[in-house]
2 protein chains.
Amino acid sequence: MSLVAPVIEEEPSTLGSQVYADLSGLIMRGELSPGDKLSLRSIALRLGVSMQPVRHAVDRLVADQALEVLPNRAVRVPIMTTARLEEITRIRIAIEGFAVEEAAGAWTPADMAEIERHDGIFRRECRKRTPDLARAVMANRDLHFSIYRAAALPSLMPIIEGLWLRVGPVLNLDMRASPERIKQGAGRCHADMMAALERRDGKRARLALTADISGAAEFIVSRGILP
Amino acid sequence: MSLVAPVIEEEPSTLGSQVYADLSGLIMRGELSPGDKLSLRSIALRLGVSMQPVRHAVDRLVADQALEVLPNRAVRVPIMTTARLEEITRIRIAIEGFAVEEAAGAWTPADMAEIERHDGIFRRECRKRTPDLARAVMANRDLHFSIYRAAALPSLMPIIEGLWLRVGPVLNLDMRASPERIKQGAGRCHADMMAALERRDGKRARLALTADISGAAEFIVSRGILP
DNA sequence: GCAGTCTAATTGTGATCACAGTTGCCAACA
DNA sequence: TGTTGGCAACTGTGATCACAATTAGACTGC
């Protein structure tokens, strides 16, 4: 698994952290669907390691609610309900909105260069006739996190990563199902956000991000596939 | 360890979760000071369990940054710097401020009864000539979390708990060193916050909380004991 | 053909063992 | 006396084993 989330920067020295990176990448990329049950032994066998590193990884994933333990003590990807998605969406708007507003006032030229680089990658991918959804998802995530990182609040990053880990499965399900939505919805919001950021207009940047987040959430809810 | 944090509601069925509750309680109550190094074997020996449940607990604590692993792979309570405290304070103001504002518009009579109950416990403890600091710390925490819980955003609770876990060690150090500060500073802010909550005035409640959080942080910084 | 039961496989949890890296102490030498 | 050397204890990581609980499946009895 080399397509591991570069957003999460750890010491990949230990086997356990490596398994964590593998599993969190699987979840954030939506390759694990809500409701999927995981078996520690199966994972250990598939990854060619013992059960110990897998337990380390699963413990951490459960800690930030990217996985959940059933009363049976089995562990699965949490099923996303409409109520749960709307709740997390409100939280994301509050927290990530705060992050962009801070970023608008704090970004350095190096930050902005990085942000524009990811924005370019995302736009280029979306303009293709047959966009690579996986690459678009990754570019979108990199764009958002490069902005949040410009807020210079490192303690905030793991919190936002936790939120993305929770919504990852359904967001990617969304993108995969309807590639054309990201072209218009996300594209428009991103353009507004970029413009506001460059003007250091925190309020407008926050509004654009709010539109981005709630737009995606409303689209998923409107599809009616959530319990 | 019976004084375990009731804020964190889990299934204490497994030994590992029990150790986690013990350790997080120790940290949140400030019984572990920043810089203290922890030895998995020592903890296991002291608690009379094997190393496995301890590893489970420490993994989770490290995941939400209540503990940190050094390059030596030793694990310790993170040392709090002034910059770090100020950063977390800004994040707390943003997130917990959002929570109280939501709570102001969402609380039910049952919520308010619970909030007033904890407020009474805290005030009563502070009015004593020789307040029990440990009880005051616990009551203060219960008061805050009963408010946040009224926001009806359960996914937000673990996030705030994580923030408190990070600042717990220094906040309790503060209270322990100067019991009189909580009487005036925190008392005033709490009264304002309670009044605003009852009027469902979210903005004012947020302002009062902001004063409470930043007041405590500024006091600690002003003492100049942080590196 | 269907329901109930009993067995066997699989699950997570906890303990124990093995190993490599680090730390710290104490003696021996300059 | 100050520094360096090496040895011993201890550290976390990973693997393996043991056990109880749950689950799935097949077989028996109706």
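So you know, we letter chains A, B, ... as the sequences are listed, proteins then strands, and number each from 1. Computation of the quantities below employed the complete heavy-atom set of this structure, encompassing side-chain atoms and omitting hydrogens, waters and symmetry-equivalent molecules.
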(message) Looking at Arg84(B), I want to see if its CZ is surrounded by more than 12 non-hydrogen atoms of other residues, nucleotides or ligands under 6.0 Å.
(response) yes
(request) Applying salt bridge (charged side-chain N to carboxylate O under 4.0 Å, His left out), name anything that partners Asp64(A), two or more places apart in sequence or on another chain. (result) none
(request) Classify the side-chain pair Glu114(B)/His118(B) by whether it contains a donor and acceptor separated by less than 3.5 Å. (result) yes
(request) Quickly work out the Leu45(A) CG to dT16(D) C1' distance and round it to whole Å. (result) 15 Å
(request) Return the value, rounded to whole Å, for the distance between atom CG of Leu70(A) and atom C1' of dT23(D). (result) 14 Å
(request) Do nucleotides 9-15 of chain D as a string where each nucleotide becomes B, S or -: B if the base has a protein heavy atom under 4.0 Å, S if just the sugar-phosphate does, - if no protein is that close. (result) --BBBBB
(message) At 10 degrees resolution, what angle do the end axes of the helix from dG1(C)-dC30(D) to dA30(C)-dT1(D) form when each is taken over five base pairs?
(response) 10°
(request) Just jot down the side chain to side chain donor-acceptor pair (under 3.5 Å) partners of Arg166(A), sequence neighbours excluded, or say none. (result) none
(request) Count the heavy atoms of every other residue, nucleotide or ligand shown that sit under 6.0 Å from CZ of Arg46(A), and state whether that count exceeds 12. (result) no
(message) With no hydrogens and no angle check, just 3.5 Å: does a side-chain donor-acceptor pair link Ser146(A) and Arg117(A)?
(response) no
(request) Any ring-ring contact (aromatic ring centres under 6.0 Å, His included) involving residues 152-178 of chain A? Give me the pairs, sequence neighbours left out, ordered by first then second residue. (result) His144(A)-Trp164(A), Phe145(A)-Trp164(A)
(request) Go through the structure and list residues passing salt bridge (charged side-chain N to carboxylate O under 4.0 Å, His left out) with Arg90(A), not counting sequence neighbours. (result) Glu102(B)
